[in-house]
Amino acid sequence: PFYGRILASLKLKGEETVMVGDRAKKDSGPTKKYGIHTIRVETGKYRNETAKESEEADYIVKSVEDVIKIIPLIEKKETDRLNSLIANAS
């Protein structure tokens with residue numbers, strides 16, 4: 001309900017938003033049912049956290065710098081370039 005209320009108050013659809021976090025279970029997992037794009041940054045104490053497939057982020061990157069590169073590609077729906085960027089970040 002938390003994310004649904006946020007989307008409603010901002011008058012946005014899930015696919016118009018991005019959630020960036022470092023914890024799959026707490027950050028990306030709850031937002032996926034709203035259609036929110038999810039990016040997990042593998043840093044800090046949660047970088048090795050494992051999650052169910054349903055909880056894992058749409059995109060996993062190694063740094064915040066990668067997030068800055070990904071967001072414009074999500075906006076443009078440039079799937080091929082996104083996949084290439086993700087593969088090179090690993």
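Side chains are part of it too, since the values below use all heavy atoms of this structure and drop only hydrogens, waters and symmetry mates. Keep in mind that what you see is a predicted model, and the values were worked out from it rather than measured.
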Restricting to non-hydrogen atoms, name the atom on [X] and the atom on [Y] that form the minimum distance, rounded to 0.1 Å.
| X | Y | value |
| --- | --- | --- |
| A24 | P30 | O-CD, 4.4 Å |
| V41 | V64 | CG1-N, 4.1 Å |
| A57 | S28 | N-OG, 3.4 Å |

Please tell me whether I71 and Y59 are part of a single hydrophobic cluster in this structure, the criterion being side-chain heavy atoms less than 4.5 Å apart. yes

Are Y34 and V20 co-members of a hydrophobic cluster defined by side-chain heavy atoms under 4.5 Å apart? no

Separation between CG of D27 and CD1 of I39, rounded to the nearest 0.5 Å: 12.0 Å

Just jot down the side-chain contact (heavy atoms from CB on, under 4.5 Å) partners of [X], sequence neighbours excluded, or say none.
| X | answer |
| --- | --- |
| E65 | S63 |
| T31 | Y3, M19, I36, T38 |
| K52 | S54, E55 |
| K26 | R23 |

Just jot down the salt bridge (Lys or Arg N to Asp or Glu O under 4.0 Å) partners of E42, sequence neighbours excluded, or say none. K62

Hey, could you give me each pair passing salt bridge (charged side-chain N to carboxylate O under 4.0 Å, His left out) that has a residue in residues 31-40? Not counting sequence neighbours. K32-D58, R40-E56

Would you confirm whether H37, through its side chain, and E15, through its main-chain N or O, come within 3.5 Å as a donor-acceptor pair? yes

Contacts under 3.5 angstrom, residues 5-13 side chains, donor-acceptor by atom type, not counting sequence neighbours:
| from | atom 1 | to | atom 2 | distance (Å) |
| --- | --- | --- | --- | --- |
| S9 | OG | R5 | O | 3.3 |
| S9 | OG | I6 | O | 2.9 |

